[in-house]
Amino acid sequence: MYDLVIIGGGPAGVASGVYAARKKIKALLIAKSFGGQSLVSSDIQNWIGAASLSGFDLAKNLEEHLRSQEGIEILDGDLVDKVEKLKDRNFKVSTKTGKNFETKTVLVCSGSHHKKLGVLGEDRLNGKGVVYCSTCDAPLFGGKIVAVVGAGNAALEAVRDLFPYANKVYLLVRSDKIKGDQVTFEEIKNNSKVEIIYQAEVKEILGNEFVTGLKYSDKNKNEIKELKLDGVFVEIGSAPNSDLAKDLVKIDERGQIIVDHKTQMSSLPGIWAAGDVSDVLYKQNNISAGDAIKAVLNIYDYLNKNK
């Protein structure tokens with residue numbers, strides 16, 4: 001019987017694991033790997049306390065910090081498949097490999113996954129010019145020519161994030177209209193750096209060691225065209241990894257676990273969520289870590305009250 005099972009090995013999961021160990025909570029952390037989505041970033045410049053580090057180094061630092069704590073148990077190389085409520089106030093956590101654990105509380109830090117274009121070259125060049133976070137990676141493209149793919153607010157905000165850095169930004173919209181906020185659209189439309197291409201469906205991302213361009217279908221003219229580029233920002237949305245608990249807690253229309261933002265507790269007492277899987281407004285590593293710490297402190301109080 002554990003006091004707490006933490007699900008996830010990104011900044012939220014590791015931060016909660018460190019604090020759980022320091023609070024002497026009998027905790028188990030389950031993660032496929034460490035680092036979260038930032039693992040593929042070549043240069044992270046907004047992780048507080050480090051002016052610049054790679055996603056690999058961030059993951060290494062997180063794992064080393066977690067393993068240095070006494071008392072925390074770690075199961076890596078496995079994924080949680082499901083969380084179930086038992087007849088008492090406890091929970092059963094099951095993994096993909098068939099392992100089962102009983103716990104008094106659960107903290108879901110399973111993150112989210114970026115929706116991908118699913119085109120040739122995307123996976124191979126991921127982190128080599130193909131990126132999914134403008135807040136994280138826009139500063140890496142100073143003086144470069146880039147494309148943003150998408151039509152919603154994420155795409156519009158990515159274009160705006162690139163204003164101080166890129167020399168040229170193409171916005172590729174699959175349909176004939178923008179779906180995002182009109183005020184933001186007007187702002188980017190009037191910027192001389194931006195060229196909007198409608199009815200553009202990306203077919204392939206080009207490059208060997210790094211992105212050199214992309215091919216897209218011009219659906220108006222029914223022909224394939226090519227852009228020379230230094231980077232591609234894929235901004236077609238993300239999906240939270242919340243399926244493991246969706247039968248127990250309230251989720252919003254985007255699949256995010258709804259939490260009380262004072263405590264990070266979900267709609268079901270005993271389950272908390274932090275990071276990108278929750279309905280937090282801003283998806284950032286530093287915010288995820290802070291929210292997870294907040295959750296553990298509340299879990300500590302909850303466990304003491306329910307002894």
Side-chain angles (χ1 to χ4, degrees), residues 6 8-19 21-22 29 31-69 72 74 76 109 111-114 125-148 154-169 191 193 207 209-211 229-235 238 274-278 280-297:
I6 299 164
V14 171
S16 61
V18 170
Y19 267 70
R22 295 179 65 82
L29 182 142
K32 180 68 174 177
S33 60
F34 294 94
Q37 291 187 37
S38 293
L39 184 60
V40 299
S41 297
S42 58
D43 187 11
I44 300 168
Q45 299 180 352
N46 60 353
W47 178 249
I48 302 304
S52 174
L53 79 170
S54 68
F56 176 83
D57 286 337
L58 174 62
K60 181 181 176 182
N61 292 347
L62 290 172
E63 183 176 0
E64 286 179 352
H65 194 179
L66 181 67
R67 292 191 186 279
S68 71
Q69 305 301 304
I72 183 79
I74 301 167
D76 57 346
C109 302
S112 65
H113 58 277
H114 293 290
L125 294 165
N126 188 354
K128 301 175 182 178
V130 175
V131 294
Y132 300 86
C133 176
S134 61
T135 305
C136 312
D137 296 319
L140 304 178
F141 291 86
K144 305 294 186 180
I145 300 172
V146 300
V148 175
L156 300 183
E157 290 164 9
V159 172
R160 187 168 59 184
D161 287 344
L162 284 158
F163 284 168
Y165 305 105
N167 282 351
K168 174 79 174 181
V169 183
N191 190 289
K193 291 184 176 183
E209 297 300 317
F210 205 83
V211 168
L229 302 167
D230 301 298
V232 179
F233 285 73
V234 180
E235 296 287 354
S238 62
D276 288 7
V277 73
S278 74
V280 63
L281 182 58
Y282 302 108
K283 311 297 188 183
Q284 292 291 300
N285 284 337
N286 295 293
I287 294 172
S288 295
D291 282 354
I293 292 166
K294 184 200 310 177
V296 169
L297 295 177

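Note: hydrogens, waters and symmetry copies are ignored here, and every other heavy atom, side chains too, is used.
- One finds the CG atom of Asn126 at 4.5 Å from the OH atom of Tyr132 (value rounded to the nearest 0.5 Å).
- Ser52 OG to Ile44 CD1: the interatomic distance, rounded to the nearest 0.5 Å, is 8.5 Å.
- The CD atom of Glu235 sits 5.0 Å away from the OG atom of Ser134 when rounded to the nearest 0.5 Å.
- A donor-acceptor contact shorter than 3.5 Å is absent between the side chain of Asn285 and the backbone of Ser38.
- Checking Asn46 against Thr135 by side-chain atom types alone, no donor-acceptor pair falls below 3.5 Å.
- Between Phe210 and Phe141, the ring-plane angle classifies as tilted under the 30° and 60° cut-offs.
- Residue Trp47 holds its CH2 atom at 6.0 Å from CG of Leu58, rounded to the nearest 0.5 Å.
- Of the possible donor and acceptor atoms, one in the side chain of Ser68 sits under 3.5 Å from a partner among the backbone N and O of His65.
- The heavy-atom pair separating Val232 from Val211 by the smallest distance is CG2-CG1, 4.1 Å.
- Within a 6.0 Å sphere centred on NZ of Lys193, heavy atoms belonging to other residues, nucleotides or ligands number more than 12.
- Side-chain contact annotation: Gln37 with Ser112, donor-acceptor N/O pair under 3.5 Å present.
- Taking all atoms of both residues into account, the shortest heavy-atom contact from Asp276 to Gln284 is OD1-N, 4.3 Å.
- Using a cut-off of 4.0 Å between Lys/Arg side-chain N and Asp/Glu carboxylate O, Asp57 and Lys60 are scored as not salt-bridged.
- Considering CG of Asp291 and CG of Asn286, their distance stands at 11.0 Å, rounded to 0.5 Å.
- Gln69 CD to Leu29 CG: the interatomic distance, rounded to the nearest 0.5 Å, is 12.0 Å.
- Checked against Val146 for a side-chain contact (heavy atoms from CB on, under 4.5 Å), the options Leu229, Asp137, Leu162 give a single hit: Leu162.
- Between the side chain of Asn167 and the backbone N or O of Ile145, no donor-acceptor pair lies under 3.5 Å.
- The number of heavy atoms from other shown groups lying within 6.0 Å of NZ (Lys168) is above 12.
- Residue-environment remark: CZ (Arg22) stays at or below the threshold of 12 foreign heavy atoms within 6.0 Å.
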